Amino acid sequence: MDETRVGTRLSGKRIALGVTGSIAAYKAVGLLRALRCEGATVSVVMTRAATKFVTPLTFEVLSGTRVVTDLFDAHEEITHLTIPERVDAFLVAPATANFLAKAALGLADDALTTMLLSVRGPIIVAPAMDGDMWSHPTVVEHVQTLRARGVVVLEPEVGPLASGQVAQGRLCGESTILAAVDAALAAQCDWHDQVVLVSAGPTQEPIDPVRFLSNRSSGKMGYAIADAARARGAEVILVSGPSSLSAPPGVTMIRVNTAAEMADTLFQNFRACTVLIMAAAVADFRPKEVAQQKVKKYGKADMTLELESTTDILTMLSAHRTSQIVVGFAAETEQVLSHAHEKLKAKGLDLIVANDVTQAEGGFGSDDNAAVILTATGEQRAFGLMSKRRLADEILTAVHEFCLVRPQRKFPVE
Ligand SMILES: Cc1cc2nc3c(=O)[nH]c(=O)nc-3n(C[C@H](O)[C@H](O)[C@H](O)COP(=O)(O)O)c2cc1C
């Protein structure tokens, strides 16, 4: 790999690189550099055997992130669950015969094989071993099992091996592995022809220069949707109210404060989008008058704040829609399904994601959420508590299936 060449093929993509205990483990260092040169962010996971060949420090320095070697070394997060969820593709190179067997059987006795059971994106495996091992019936069978399950198992190359044998077993070249990762990512880009406008977070409605009315929304659900849509190939514009979260890579981010700014910004971008997903918790009311100076408490026993309605963004945008798919959220505290169904109909939505924000787990601020999806065509799909990132993928899958592939509407916009 020419290290001076910087590509963009994997720009914004997040790849997990699993390294196992093959003599070819040192080649994973070059592979890591190549992935980084193509713009990918790489998380490295090593088996214990791999650390006998190359030190984790080498990968740590070159990846810029902590290398996972121990399933039980939890640090601040449960990496065997968070890494597979965050990455767009999982690459194992080199992959030993032992790894192929464990992966085929679903064994999970180390960090790498445990992670593999949670991966939802493409898995690409580049084996490297002695020729006799590669042609052994058990290895052949395990490769077949993995391929039948959709895992991309690359053919090792024929050439001189560490044993002195000339046979098929050499780790295939960097360019072959990069092309396979690239192709696997492209194949799962089911949103590649969509422009997705996502709103997220709360709004802040000023009372005076230092106070505002707001709500408990953290923005996590909307940011997760923006990230998932980008990973599936969409062009994404994220319009976010005040949130401490940083923009997901590869997403165009526009920050706003008030409901009026949110409405204006969404309106400006609505015409160009193909799908609008309104995950923001926009204030329904704002103070009628905003004090120019800080309101003082001296001499006041009480204070009345007069409120007025903000623009109903979904209704406003629905009135201007041409062919856009419009998806809303219903954060409810009671009668979740009936309220969500009313909102779906009243606002002419194609799909609504309803969730009960009173649940102890899930809802505002949490990393997890449970939800029910209702569509204008009468489908209903429920999702138990899961990470917001995973739920984001489920929502996109439902929108794709119910609205983009079979877009018949059951009832008209009211
Ligand atoms: C010097 C040496 C080189 C090895 N090279 C390979 C190899 O290229 N491919 C392979 O499948 N196993 C190879 N092995 C055997 C693996 O390291 C062994 O099966 C180990 O248990 C693999 O563990 P892992 O799959 O958890 O990384 C090698 C072992 C040694 C000692």
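Atoms within a ligand are numbered from 1 in the order they appear, just like the ligands themselves. The structure displayed is predicted, hence computed values, not measured ones. Just the heavy atoms: all of them, side chains too, but no hydrogens, waters or symmetry mates, feed the values below.
- If you look at Thr47 next to ligand 1, the close heavy atoms, those under 4.0 Å, all belong to the side chain.
- Under a 4.0 Å criterion applied to the non-hydrogen atoms of Met133, ligand 1 contributes the atoms 10 (C), 11 (O), 12 (N).
- Residue-environment remark: CZ (Arg120) exceeds the threshold of 12 foreign heavy atoms within 6.0 Å.
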**Request:** Given side chain to side chain donor-acceptor pair (under 3.5 Å), test Thr322 with Gln324 step by step and report yes or no.
**Result:** CA-CA 6 Å; Thr322 48; Gln324 293 88 348; 3.1 Å; yes
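- For atom 18 (C) of ligand 1, no protein non-hydrogen atom is found at a distance below 4.0 Å.
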**Message:** For Leu10 and Asp182: C-alpha separation, side-chain torsions, deciding distance, then whether side-chain contact (heavy atoms from CB on, under 4.5 Å) applies.
**Reply:** CA-CA 7 Å; Leu10 299 173; Asp182 200 21; 4.1 Å; yes
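- No side-chain heavy atom of Ile254 sits under 4.5 Å from any side-chain heavy atom of Ser240.
- At a 3.5 angstrom cut-off on N or O pairs, Ala49 does not count as close to ligand 1.
- Looking only at protein heavy atoms, the nearest one to atom 21 (O) of ligand 1 is Asn98 ND2, 4.0 Å.
- No side-chain donor-acceptor contact under 3.5 Å links Ser214 and Gln204.
- Of all the atoms in ligand 1, the ones that sit under 4.0 Å from a non-hydrogen atom of Thr20 are 27 (O).
- Residue-ligand proximity, Ser22 to ligand 1, at heavy-atom distances under 4.0 Å covers atoms 5 (N), 6 (C), 7 (C), 8 (O), 9 (N).
- In terms of polar-atom proximity, Ile23 is counted as a contact of ligand 1, with an N or O under 3.5 Å from an N or O of the ligand.
- For the pair Gln168 (side chain) and Pro156 (backbone), a donor-acceptor distance under 3.5 Å is present.
- Using a non-hydrogen distance threshold of 4.0 Å, Ala128 registers as a contact of ligand 1.
- In terms of polar-atom proximity, Asp130 is not counted as a contact of ligand 1, lacking any N or O under 3.5 Å from an N or O of the ligand.
- A salt bridge links Arg232 with Asp393: the distance from a Lys NZ or Arg NE/NH1/NH2 to an Asp or Glu carboxylate oxygen falls below 4.0 Å.
- Where the criterion is an N or O separation shorter than 3.5 Å, residue side chain and backbone included, Ala97 meets it with respect to ligand 1.
- Taking the six-membered ring wherever Trp is involved, the centroid distance between the rings of Phe270 and His320 does not fall below 6.0 Å.
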